[in-house]
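Reading through the structure tokens given below for one structure.
Computed from a predicted structure; not experimentally measured.
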Amino acid sequence: MTAAPVNTSSALYPLRLRADLDPDTAYEYWAGPHAAIAARLPGLVEYNQYHFSATDHGYWPTAAMVGTRVPADWAIHGMTEVRLPGLIRSAAIPLHMREILFDEQNVFEHCLGQLTGPGGGRWWTRGHDDSVGHRTVVLIRRRRGVSGREFGRFVHDELGAALDRGGARDVRSYTFLPLVARAHVTFGVSHDNPAHRRYHGAVVFGTNDRADVEPLMASDPVMGAVARQERTCVALHAYAVARTVPVVRTGDT
């Protein structure tokens, strides 16, 4: 178990690559020219790209009436994770985003901008850990009728904390502000976010390698959280991260 977690203000962007581009070409552009533009944004505390596996997903433990299979027509190809410097300094970032807003049409066809708001993220880590061999991103849909506060308690205090106690590394948990379909509107990129496919939170965690994921999920702390997930969640979609690209590291600024 790591030290006590810290609250963060963050932005997450689940993304789909353009279908008319070769996937390898698209991923390399995202990790290269597009990342170089993002790295010039002032004041970011951390900026990571998670490139998802095309085949290794949908492996989160299921519970009654909780969906864990990734729908074939709603597969996400990756996610950008940004830790923001604070509310006042974050307000200045959009003034510098013109270049990246116009560049997204080169590689993405769909973007779901999600903001956590102040303190809506929680980190059991001091920053990106290069020694982590494998990462998983779990995108979470809240059950209707459950309050945002109750959902947040599950994501942070139960699920995130359980992953940390179970031995996961570089653990981050997030809950999103409501009505954020326009949190990141870019030109030539779709931002439709239908209610039945919307995500309301996420966790990112690491293990030494892919083989360690199943024992982690079978650990007592994580299975305890899984047994309670149906109370607050209607879907948890796990994606294996095939490649992590740390563009801005904690402390760079």
Side-chain angles (χ1 to χ4, degrees), residues 5-17 26-52 76-108 110-132 134-139 160 169-177 180 183-186 189 191 199 201-206 239 241-253:
V6 297
N7 293 335
T8 74
S9 298
S10 300
L12 274 66
Y13 306 103
L15 300 157
R16 291 208 297 269
L17 302 173
Y27 278 120
E28 287 306 313
Y29 186 90
W30 183 16
H34 188 78
I37 297 172
R40 294 196 289 270
L41 292 174
L44 299 184
V45 179
E46 188 170 295
Y47 180 111
N48 296 311
Q49 295 177 2
Y50 300 117
H51 299 188
F52 294 170
I76 304 299
H77 296 138
M79 185 179 78
T80 297
E81 173 195 51
V82 183
R83 180 171 175 177
L84 300 169
L87 190 60
I88 295 176
R89 291 179 63 196
S90 296
I93 292 175
L95 299 176
H96 302 269
M97 287 188 64
R98 176 180 171 84
E99 187 178 6
I100 199 167
L101 293 179
F102 279 101
D103 188 65
E104 288 196 348
Q105 64 189 310
N106 287 323
V107 64
F108 305 124
H110 189 78
C111 174
L112 295 174
Q114 307 283 4
L115 303 177
T116 69
R122 190 172 297 180
W123 280 20
W124 285 259
T125 178
R126 295 185 177 181
H128 176 77
D129 186 349
D130 283 313
S131 68
V132 170
H134 182 272
R135 285 182 171 83
T136 292
V137 172
V138 183
L139 299 172
R169 303 171 59 192
D170 207 355
V171 179
R172 300 122 184 268
S173 62
Y174 300 100
T175 54
F176 305 145
L177 290 173
V180 292
H184 188 68
V185 175
T186 46
V189 178
H191 302 277
Y199 295 115
V203 293
V204 182
F205 65 90
Y239 290 86
V241 177
R243 181 186 183 188
T244 301
V245 182
V247 178
V248 176
R249 295 173 181 270
T250 302
D252 282 355
T253 57

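No side-chain donor-acceptor contact under 3.5 Å links E104 to the backbone of L101. With H128 contributing its side chain and P246 its backbone, the two residues share no donor-acceptor pair below 3.5 Å. Checked by atom type and distance alone, the side chain of Y199 never pairs as donor or acceptor with a backbone atom of F176 at under 3.5 Å. Although no hydrogens or angles enter the test, the distance criterion places no donor-acceptor pair under 3.5 Å between the side chain of Y29 and the main chain of N106. Listed for the D170 side chain is a donor-acceptor partner under 3.5 Å among the backbone atoms of D129. A donor-acceptor pair is defined here as one N or O able to donate and one able to accept, closer than 3.5 Å; such a pair exists between the side chain of H191 and the backbone of C111.
The nearest pair of heavy atoms linking L115 to A11 is CD2-CB, 3.6 Å. In this structure, D103 and I37 approach most closely via the heavy-atom pair CG-CD1, 3.6 Å. Closest of all the heavy-atom pairs between S173 and G160 is CB-CA, 4.5 Å. Of all non-hydrogen atoms in V247 and A35, the two that sit nearest each other are CG1-O, 3.4 Å. Here the closest non-hydrogen pair linking L139 and A202 is CD2-CB, 3.9 Å. Across T250 and G127, no two heavy atoms sit closer than the pair OG1-CA, 3.7 Å.
Here F52 contributes atom CZ and R16 contributes atom CZ; the two are 12.5 Å apart, rounded to the nearest 0.5 Å. One finds the CD atom of E81 at 11.0 Å from the OH atom of Y47 (value rounded to the nearest 0.5 Å). In this structure, OG1 on T244 lies 7.0 Å from CG on N48, to the nearest 0.5 angstrom.
With sequence neighbours excluded, the residues satisfying side-chain contact (heavy atoms from CB on, under 4.5 Å) with A31 are Q49, H51, R243, V245. Scanning for side-chain contact (heavy atoms from CB on, under 4.5 Å) contacts around S10 gives T8, L12, R83, T116, Y174, with sequence neighbours left out.
In this structure, E46 pairs ionically with R172, as a charged nitrogen and a carboxylate oxygen lie closer than 4.0 Å.
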Go through V171 and W123 one step at a time and tell me if the side chain to side chain contact (heavy atoms under 4.5 Å, CB included) criterion holds.
CA-CA 6 Å; V171 179; W123 280 20; over 6 Å; no
Would T186 and Y13 count as a side chain to side chain contact (heavy atoms under 4.5 Å, CB included) if you check the C-alpha gap in whole Å, the side-chain angles of each, and the deciding distance to 0.1 Å?
CA-CA 12 Å; T186 46; Y13 306 103; over 6 Å; no
I'd like to know whether V107 forms a side chain to side chain contact (heavy atoms under 4.5 Å, CB included) with L17, so could you lay out the CA-CA distance, the side-chain angles of the two residues, the decisive distance to 0.1 Å, and finally the verdict.
CA-CA 6 Å; V107 64; L17 302 173; 4.0 Å; yes
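Ring geometry, H34 versus F108: the interplanar angle exceeds 60°, so the pair is classed perpendicular (tilted spans 30 to 60°).
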